[in-house]
Student: 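First, the structure itself, so that you have it in front of you.
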Amino acid sequence: MKLATWNVNSITARLPLVTKWLTEAQPDVLCLQEIKCTDDRFPANEFAALGYESTVFGQRTYNGVAILSHAKCRDVQRGFPDDGAEAQARLLAGTIDGVRIVNVYIPNGQAVGTDKYAFKLDWMRRLREFFDAHYQTSQQVLLCGDFNVAPEDRDVWDPGKFVGATHVTPAERDAVTQLEKWGTEDVFRHFYGDADGLFSYWDYRAGDFHEHRGMRIDLVLATTPLAARARWAVVDRNARKGKQPSDHAPVITDFDERS
DNA sequence: ATGGTAGAGCATCTA
């Protein structure tokens, strides 16, 4: 099973690029974040024409997550179980080919000390509690998406430029560590050792992409039984080039078929 | 020059 995660920064603006990419990359599953549209405006017909079923948890203007899959997506869950009707659309879970997939768009946090930063940390704490309450580490569980956290200093282009900034604070990194301590492994990092420069996001501004000023904030965490099936993982930087790209590139992981 | 660009939706807000 070939699975990709991609923050597309509006599925409407990115539709030509995403359809072209699907045709070429042929993933079995594509987890999308920041679709920035309601369910009724999601281009499910265009993806169905390419052989993909759409499972959508949308929202007007901001946020929104979706899962495209060749196979049926079962037991779909939208948001945390205790979310109210006003909750932001940031979590979408479903079971595909025997793998429980949890697709998240973790809050950005804006700036350290703001309400949005506190909301981010609280949201990540709730995510860990959600795993405690609903899943077991013996199951094939995959947590992927835009974490808006760079796990280590080697995951940003210049740690010196991030002093006092979000995405790198000990509290944010600890929240990711808590998700790993629950019983998951950073599948992408596993294939690259201590290498740096493995970015998945580059700011649109100041030519950051072409100057290699990026961050690795799009992660794929898997339980041990699922991580054991991982064959390879890559960032498709080509999808960040060209006309009207997202500011994120797709992160692809390939898993062996179940024995 | 506390800068720069992109998207939603139409004034800013978010990233």
Student: Between A/Phe42 and A/Phe47, is the gap from one ring center to the other below 6.0 Å?
Tutor: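 Ring centres of A/Phe47 and A/Phe42 closer than 6.0 Å.
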
Student: Can you confirm whether or not the ring centre of A/Phe209 sits under 6.0 Å from the ring centre of A/Phe199?
Tutor: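 Centroid distance A/Phe209-A/Phe199: not below 6.0 Å, so no.
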
Student: Between A/Pro107 and A/Asp203, which has a closest nucleotide on DNA chain B that is more 5'?
Tutor: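 It is A/Asp203 whose nearest nucleotide is closer to the 5' end.
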
Student: Sticking with atom C1', work out how far B/dA15 lies from B/dG4, rounded to a whole angstrom.
Tutor: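 That atom pair is separated by 13 Å.
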
Student: Quick check for you: name the first and last nucleotides of DNA chain B, 5' to 3', having an atom under 4.0 Å from a heavy atom of chain A.
Tutor: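 It runs B/dG4 to B/dA15.
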
Student: P atom, B/dA1 versus B/dA11: distance in rounded Å?
Tutor: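 My reading of the P atoms in B/dA1 and B/dA11 gives 33 Å.
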
Student: Is the distance from the ring center of A/Trp6 to that of A/Trp21 below 6.0 Å?
Tutor: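 Centroid distance A/Trp6-A/Trp21: below 6.0 Å, so yes.
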
Student: Only one of A/Asn103, A/Asn148, A/Asn7, A/Asp146 forms a side chain to side chain donor-acceptor pair (under 3.5 Å) with A/Gln33, so which one is it?
Tutor: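 When A/Asn103, A/Asn148, A/Asn7, A/Asp146 are each tested with A/Gln33, the side chain to side chain donor-acceptor pair (under 3.5 Å) holds only for A/Asn103.
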
Student: Within residues 61-68 of chain A, find the residues that approach DNA chain B with a heavy atom at under 4.0 Å, and present them sorted by residue number.
Tutor: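 Going residue by residue through residues 61-68 of chain A, the ones with a heavy atom under 4.0 Å of DNA chain B turn out to be A/Thr61, A/Tyr62.
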
Student: So, does A/Tyr192 use its side chain to make a donor-acceptor pair with the main chain of A/Ala233 at under 3.5 Å?
Tutor: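 Between the backbone of A/Ala233 and the side chain of A/Tyr192 there is a qualifying donor-acceptor contact (under 3.5 Å).
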
Student: What contact category does A/Tyr105 fall into here, base, sugar-phosphate, or nothing, at under 4.0 angstrom with non-hydrogen atoms?
Tutor: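 Counting heavy atoms under 4.0 Å across all strands, the contact made by A/Tyr105 is with sugar-phosphate only.
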
Student: Taking the nucleotide of DNA chain B with the nearest heavy atom to each, does A/Ala206 or A/Arg60 sit closer to the 5' end?
Tutor: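 It is A/Ala206, whose closest nucleotide lies nearer the 5' terminus.
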
Student: In the hydrophobic clustering that connects Ile, Leu, Val, Met, Phe, Trp and Tyr at side-chain heavy-atom distances below 4.5 Å, which members other than A/Tyr62 occupy its cluster, ordered by chain and number?
Tutor: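 Reading the cluster by chain and number, A/Tyr62 sits alone, since nothing else belongs.
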
Student: Quote, to the nearest angstrom, the P distance that separates B/dT5 from B/dC10.
Tutor: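 B/dT5 and B/dC10 have their P atoms separated by 24 Å.
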
Student: Counting only heavy atoms not in A/Asp115, do more than 12 fall under 6.0 Å of its CG?
Tutor: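 Counting other residues, nucleotides and ligands, CG of A/Asp115 stays at 12 neighbours or fewer.
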
Student: Any carboxylate oxygen within less than 4.0 angstrom of a Lys/Arg side-chain nitrogen, looking at A/Asp28 and A/Lys2?
Tutor: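 No, this pair does not count.
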
Student: Regarding A/Arg213, tell me which of base, sugar-phosphate or nothing describes its non-hydrogen contacts under 4.0 Å with the strands shown.
Tutor: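 It contacts nothing in the nucleic acid.
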
Student: Looking only at atom P, what distance separates B/dT14 and B/dG9, rounded to whole Å?
Tutor: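 So the two P atoms sit 14 Å from each other.
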
Student: Would you say the rings of A/Tyr52 and A/His70 are close, in the sense that their centroids are separated by under 6.0 Å?
Tutor: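 Ring centres of A/Tyr52 and A/His70 closer than 6.0 Å.
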
